[in-house]
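What you see is a predicted model; the values in this text were computed from it and never measured. These values consider heavy atoms only, across backbone and side chains, with no hydrogens, waters or symmetry-generated copies.
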Amino acid sequence: MAGFKNLVIVKFKEGVVVEEIMKGMEKLVSEIDLVKSFEWGQDLEGPEMLTQGFTHAFTMTFEKKEDHTALQTHPSHVEYSATFSAAIEKIVVLSFPSVQIKPPA
């Protein structure tokens with residue numbers, strides 16, 4: 001096992017300034033030691049039929065499931081969640097133990 005992952009895929013509401021949302025997300029994860037790594041990206045090539053309108057993906061890695069659970073009630077996360085939720089039109093969230101087959105080079 002390679003930790004515990006949280007994958008979030010979203011479609012932001014029309015007019016949302018994504019850069020501002022991301023600044024808040026980057027600040028949040030940099031201040032909380034429970035988050036071991038954070039990555040995000042914007043879809044550039046997926047056909048609408050496959051992306052279903054989702055545009056951005058976020059992945060957080062934790063040492064263990066309990067760290068992910070603790071993040072959910074962390075005061076900074078609770079505060080930021082209100083801003084993030086207000087900016088979202090659609091969302092998919094998956095949280096899972098990670099099985100690493102090929103480690104990063």
Verify, without hydrogens or angle tests, whether [X] (side chain) and [Y] (backbone) share a donor-acceptor contact under 3.5 angstrom.
{"X": "Glu48", "Y": "Gly53", "result": "yes"}
{"X": "Lys13", "Y": "Ala86", "result": "yes"}
{"X": "Tyr80", "Y": "Pro75", "result": "no"}
{"X": "Ser30", "Y": "Lys27", "result": "yes"}

Check your understanding: Phe12 pairs by side-chain contact (heavy atoms from CB on, under 4.5 Å) with which of Gln42, Glu89, His56?
Key -> His56

Exercise for review: Please name the residue in the list Lys65, Met60, Glu66 that meets the side-chain contact (heavy atoms from CB on, under 4.5 Å) test with Phe4.
Suggested key: Lys65

Practice item. Test Lys5 against Thr61 for side-chain hydrogen bond (donor to acceptor under 3.5 Å, both in side chains), laying out the working first. Key: CA-CA 5 Å; Lys5 301 272 186 179; Thr61 302; 2.9 Å; yes

Practice item. Flag yes if Val8 and Met22 sit in one hydrophobic cluster, no otherwise; membership is Ile, Leu, Val, Met, Phe, Trp, Tyr, and two members link when side-chain heavy atoms are under 4.5 Å apart. Key: yes

**Study point:** Joint cluster assignment, Leu7 & Val10, ILVMFWY side-chain distance < 4.5 Å
**Key:** no

Exercise for review: Please name all residues satisfying ring-ring contact (aromatic ring centres under 6.0 Å, His included) with Phe62, sequence neighbours left out, ordered by chain then number.
Suggested key: His68

Practice item. Examine the side chains of Thr55 and Lys11 and answer whether a donor and an acceptor come within less than 3.5 Å of each other. Key: no

Review point. Should Met25 and Phe38 count as side-chain neighbours, where that means a heavy-atom distance under 4.5 Å?
Key: yes

Check your understanding: Within a radius of less than 6.0 Å around CD of Glu79, do more than 12 heavy atoms belonging to other residues, nucleotides or ligands occur?
Key -> no

Practice item. Determine, for Lys23 against Glu26, whether the closest basic-nitrogen to carboxylate-oxygen distance falls under 4.0 angstrom. Key: no

Practice item. For Gln52, enumerate each residue passing the side-chain hydrogen bond (donor to acceptor under 3.5 Å, both in side chains) test, keeping only those at least two apart in sequence or located in another chain. Key: none

